[in-house]
Each structure stands twice: as C-alpha cells, then as structure tokens.
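For reference, the structure I am asking about is given below.
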Number of protein chains: 2
Amino acid sequence: MAELTERQRLILALIIREYIETAQPVGSESLQKRYQLDASPATIRNDMAALTEAGYLRQPHTSAGRVPTEEGYRYFVRQLMGHIDLPADTKRTITHQFYQVGYDPDRWMRLAASVLAQQAKAASLVTAPHVEQARFKHLELISTRGRQVLMVLVLAGGDVRQQMLTLAEPVTQEQLSAAANHLNQLLSGLAPEAISALTTPLDVLEQDLVRLIVEELRHASQLLGSEVYRDGLTHVLSQPEFSESESARKALRILEERPLLEDLLTRTLETTNVGGVQVLIGGEGTWEELRDCSMVLARYGAPGLATGALGVLGPIRMAYGRSISTVRFVAGLLSDLVVELHSE
Amino acid sequence: MAELTERQRLILALIIREYIETAQPVGSESLQKRYQLDASPATIRNDMAALTEAGYLRQPHTSAGRVPTEEGYRYFVRQLMGHIDLPADTKRTITHQFYQVGYDPDRWMRLAASVLAQQAKAASLVTAPHVEQARFKHLELISTRGRQVLMVLVLAGGDVRQQMLTLAEPVTQEQLSAAANHLNQLLSGLAPEAISALTTPLDVLEQDLVRLIVEELRHASQLLGSEVYRDGLTHVLSQPEFSESESARKALRILEERPLLEDLLTRTLETTNVGGVQVLIGGEGTWEELRDCSMVLARYGAPGLATGALGVLGPIRMAYGRSISTVRFVAGLLSDLVVELHSE
DNA sequence: TTTTAGCACTCTCACCTTGAGAGTGCTAAT
DNA sequence: ATTAGCACTCTCAAGGTGAGAGTGCTAAAA
C-alpha cells in the first residue's frame, strides 16, 4: 500500500469531518465546493479512488459518495487529527462545576458522567474509583439488635464499606467497642496481606472480625465491584445509525450488562496508564457486541492507590476529536480529585 | 354511556389480551376464531361498535381492526383484570434470590430492578429507601490530613452517610474521638428536630458538628436524594411502539432525567400507601413526557421509618397483569427486608 | 507526468399506480 | 337479539419510472 500524498491525507480528513457532521456519503463535487479546494472534482475523484484502494474509504453503492471505513477512522485518529483540546472556557466551566458540588465522590461521578455525555453528545459511563491496594484505616462496630452488628469499615482514602453481621452469641456494645479499639490500633494502615500475616494473639470475636475485614479489603480491590454511573443514553438514540431499534439495543446492552462491560473495561484498560486514552473503533475484531459502536475510554485516579475508568460510547461515526479531548480532560480532573483524596 | 353487557366486557377483555400479545389491531372474525366464541363475527362487530361508542376502543383507520384506547386499558385494569398473582414457584425463586445475596441493601436494589425488568419485560426503576424520619445513631470522626476530617454518620436503620469536612483549626484524633463519644451519648436515637431543641452546653467543635449532623439528617429524609437503580432499558427498545428512535428517546428520558422522575414519583406516590400499586396509563393528562408510556409504580418500605419507590415503564400496550403482580410482589419483598432492617 | 473536462453509465430513492386482503357497517332475513 | 350477505373503505406490498447524484474512463490540456 503506497504512502498517501499530502492532498490525499487532506481529502481523507475532510471526508471524515464532513461525514461525521452529516452522516451522508461524501461526493467529489460537493467536497470541492464546500471547502473551496484548488483541485477539480476529477482530481479529487482520483484521490478518492486511491484512498478506497488503500482501504480507508468505501462506497455504500456504485454510485454514492464515499464513506470512511473503520481503518479510515483509525488512520484519522492516529495520524490526521492531531492533538485537540477543549476550549479554555469550557474547561474552566467544567472545573468550576466540580468544585461547586463540594466534597462528595458520589456526586463527582454523577457530574463526570453528565459532563462527558453533554460534551461528547454520546452515552457515557464512569466507574467509581476502586482502591488498587486497599488499606485498613478505621473500624466501627455498632450493636443493633440481639446478635446483629453493623460493621463500618473505613479504608485509607475515605472509602466507607458497611456490612451487617450476625454473631454466634450476643455481645454488648462495650465489648464491641473494645474490640474495635484494639483492632484499630493493631491494623492501622495495613493491607490485607499484612493483616493475614499478623501473629498477635486475638480472641474469638476479633479473629472473626479480622477474617471479615480481610475479605472486605480484598473485595474492595476488584474493578467494577462498586457502582457504574451512566448518562446520556438518549444521545445514542438520536444518532441515525441507531434509528432502528435493533442496533440501538445492541449499543445499550453494552452499557447495561455488567459482565460485558467488566470484560471490556478490564481487557482494554489493563494496559492503559492513567492519563492515556484508548479508542475502540467498531469492536476491533474482538467484541462482537461493539461492532457498530466506538468507545473512547480512559483510566483515571492515583496510580497504585485508587483508579477508575470512564468513557463514552457512540456510533463509529463519532466526533473523535471532541470525545477524546473531553474524556482526557475529565479523566484528568477526576484524577486530581482522587489524588487529593488519598494524599494524607 | 350505557352499562356494558357481560359479553361486551368479555370481548373488551379478549381484544386487550390479544392486542397486548400481538400489537396488531384485532378484527371481529379473527377474534371469534381464536377464542371459539359462540357469537358470530357480526354480533361481535355490533359489540365492538358499542365499545367504540363507549370510548374503550378505536380504529386506527376505517378498515382495520380495533385497538384499545387508554380508557379501555383503565377499565380493563380496574374492572376486568381481577387480582392476578405471580405463580408460586416464581415467587419462591425470587425470594430465594434475595436471601442468597445476603445482607446488602445495595445489591437488594440491583436485584429488585433486575427482577422487575425480567419479569415484566419492561424497563424498571428502584429508588433506595430513604428514611422518613431520620434518627441519629452513631457518629465517628476520623482525622485524615491537617484540618480535614472524615465524618461517618450512622442513622437508625443502618444507613451510613459520610462527609469530609474541613475544620477551622487542626484537632487531634483524641479530641475528635472525645467529641464523637460525647455526641454519641447525647444524640442517640434523636430526630433532627429533637437535636436542634437541645440546650446542653457544647464547645465550638461540637456545635459545628451538631449543625452538620442536623443538616445531614434532614437531607437523608428527602425522597430520591440517593440512588436510582435502573434495569431492562433494552426491553423498551424491543417494543414495536418504540421502534422509531424518537418515541424511544422520550421513554428513556423519563428514566434518565432526575428532576422529571422525582416529580413523577413524588406526585404519584405521595397519596399511595405502602402495599398499594399505582398504574399510570399514557400520562393521564398530567405528564406530557409519558404520553406514549405506561408505568406501574409502588411504594415499599416500613411506613414512618423508611420507604422507597419502585416500578416498571413500558408502552401503553403493557402486560398490566404481569407488571402489577410483579411490582406488588417485589415491593412486598423489599418492604419485609426494610422492616427487618429497622426493627431493633 | 499530473490535472481536468466531457461523457456514458450505474445505482438509489422518491413517487406513482395497482390489486389483494382484511375489516367494517348496513340491511334484510332468521 | 342475532346473523348472513354484501358493498365499501383503507392499508400495504409489489412493480414501474424518472430524476439526481456520483462514479470511472478517456482523451485533451497543463
């Protein structure tokens, strides 16, 4: 496959830009007119034929304009698009919104999903940050009724996990508090492995509690164990490629089915560093369900402490520039917030 | 409007049943054949004409079969349907699932949404229970960094709320624990009003904390302050009435836009007791957005303590029998769980 | 060698017509 | 009160048609 000439690259970029906007096949004459190109339609046609040959364009039928192929989009994203950034005032507005909701991780996530959806005009998803290496911070035991006890476990980073547990025999609140105090001193700042390795003698209640705590800490380290925030689902439906419900359903399923999403996120992002953005165009051969969709995904958080994932989902004909810059920016913002959360 | 004869009521019921299944207008002849009716097609036509006159049926065009009107569905739900219940083994299966996920309110909600969606083959929503009268149970203060303090507030019922706060000046963990201990003794079991009315002398830190606690307790009493769980959105898209994306978008918007949903739930359910089920057919003239949808909603929980809402959303041509029985049953189940949560 | 004008060709899409089919309402007979 | 018979209405799928957009090719021009 020969190298592309500069004009061919320009034409490819323009066709993609035009097609993203109009969702209509792009013809040689309209392209030349719209962008006041120096070359004549016939020249453009020759270049289009070359680009089709190279696999970057295709024709829906013999006599329609050209449409980008998935390879075309990939080339565009990698080589033609350049580094696009959100306008400074947009950034400022978003930042402002985050600082205005105050210190509330739950609302950060909701806001992040909302911002992503609105800016990229696509469906968005944000997973809550999960600690990569959960560390004990504080334990609280509250007696409720009979042998029922509410255990509140605070992790380093301020994550709070609660669990109800039923003891073998009734225990007074005083005994519970004493046990909690003891464990708080003993386990402070420890990771589950370190806790398991402890040799300090413990009574029966404390042993049970330690077992539960280790379990919870381990559980907290799983990606997607917690919540997934979604927004902008209606944007997906307003895209013409999802006008028939069958394709729209396939797209929504990706966001709705947890195991699917989990697989997708882990496999895509395990190799991605915080700060990097992954672009999945048309399933990339791996994900059948994504065949008609593209996703722009990123990882955010404090590496080694707590990370989460976020991204947008739209048709293959997606405004990649806008999506990528939005995802990158929001990921950066959330990273800052998470880092702040964990620095102590 | 004359009373309906017994046969007319039968015909209306059969037409609705048939239409719900096939989504096609129902004609006199096919109806007679399908259900082996004694009357001839001509007789059925006469009754159909009467039902159309009465406002329960209409014809999409001069020469198509009949389709139920919204009034027709209402009559059906109120007068014809009778009390339908889920099969005993379905109930058992569902109950089993709930007890299998263990003591985890978050997973209860997710499971409830999933069960509703699957059983009713519609989109479902579940709001987390909110305490009607929030009462203080336990406070925990954890120093993190400098003047940053994590406040963990446990409400009666086991609800846990966390908040980060920044103090005017640094305070040691010992001082924090002392303040927490003091407040725990002082405020145990109190509602926000009772706390505000207290005259016990407090130091500055404690005064600040009490103010925050009252605020949080008040906040906890708001409906929908917390999470909304959704599931089965793809079911909506598989209904033929939502095959064009425009109408599907309207339906999804109802579930996605929080203020809309909040208004809908509060206004519909404020008059509904726990145990009752509300059926909204085609917006009922009040909600423009719901014009092409129906909802089956219920309130669940422990009256006076904590309640939440749940329901399903589907096309007007909804299997009301199945939806209502499912919603009623799941609401009952969640109510039991919430009652258990609060009985102490 | 590259670019361009000219032109025949292809394919879609919107539009129209048409006939079969389903269902109705009316009338008159049972 | 019910029903058979019948003319009538309306939709919908199928087939035909022409305008329009866009192409590739060829040969001339730069």
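Quick caveat: nothing in here was measured; it's all calculated off a predicted structure. Residue numbering restarts at 1 for every chain, and letters A, B, ... go by the order of the sequence lines.
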Nearest-Å distance, CE (A:Met48) to P (C:dT3)?
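In whole Å, C:dT3 P and A:Met48 CE are 16 Å from each other.
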Could you tell me whether the side chain of A:Val26 reaches within less than 4.5 Å of the side chain of A:Val67, counting heavy atoms only?
no
Report the nucleotide, chosen from D:dG22, C:dT24, D:dG24, that has the shortest atom-to-atom distance to any side-chain atom of A:Ser30.
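Side chain of A:Ser30 sits closest to D:dG22.
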Please determine whether a side-chain nitrogen or oxygen atom of A:Arg7 lies at a distance below 4.0 Å from atom OP1 or OP2 of C:dT3.
yes
Atom NZ of B:Lys33 and atom P of C:dG23: how far apart are they, to the nearest Å?
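It is 10 Å, rounded to the nearest whole Å.
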Picking from B:Thr90, B:Leu86, B:Val312, what satisfies side-chain contact (heavy atoms from CB on, under 4.5 Å) with B:Thr326?
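Output: one option passes, namely B:Leu86.
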Are any of the side-chain heavy atoms of B:Glu289 and B:Leu260 separated by less than 4.5 Å?
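B:Glu289 reaches B:Leu260 side chain to side chain.
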Minimum-distance nucleotide (side-chain atoms of A:Gln59 versus D:dG24, C:dT24, C:dG23):
D:dG24
Contacts of A:Gly65 and B:Ala42 projected onto DNA chain D by closest heavy atom; the upstream (5') one is B:Ala42
Round to a whole Å and report the spacing from CD1 of A:Ile15 to C1' of D:dT23.
13 Å
Atom pair CD1/CD1 of A:Ile20 and A:Ile316 - distance to nearest 0.5 Å:
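Between A:Ile20 CD1 and A:Ile316 CD1, I get 11.5 Å after rounding to 0.5 Å.
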Pick base, sugar-phosphate or nothing for B:Glu29, based on heavy-atom distances below 4.0 Å to the nucleic acid.
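The residue B:Glu29 makes no contact with any strand.
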Taking CD1 from A:Ile44 and P from C:dT4, how many angstroms apart are they, rounded to a whole number?
9 Å
So, OP1 or OP2 of C:dA22: does either fall under 4.0 Å of a side-chain N or O from B:Ser63?
no
Figure out the CG/P separation between A:Leu31 and D:dG22, and round it to whole Å.
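It is 11 Å, rounded to the nearest whole Å.
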Of A:Arg66 and B:Asp38, whose nearest nucleotide on DNA chain D comes first from the 5' end?
B:Asp38
Any salt bridge between B:Arg317 and B:Glu241, counting N to O under 4.0 Å?
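Yes, this pair counts.
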Using whole Å, report how far CG of B:Asn46 lies from P of C:dA29.
17 Å
Looking at B:Ser40, I'd like to know whether one of its side-chain N or O atoms comes within less than 4.0 Å of OP1 or OP2 on D:dT3.
yes
For C:dT27 and B:Arg45 - does any side-chain N or O of the residue sit under 4.0 Å from the phosphate oxygens OP1/OP2?
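For C:dT27, neither OP1 nor OP2 has a side-chain N or O of B:Arg45 closer than 4.0 Å.
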How many Å lie between NE2 on A:His61 and P on D:dG20, as a whole number?
17 Å
Please report, rounded to the nearest Å, how far the P atom of D:dA1 is from the CG atom of B:Leu37.
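My rounded result for the distance is 20 Å.
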Side-chain N,O (A:Thr62) to OP1/OP2 (C:dC9) below 4.0 Å:
no
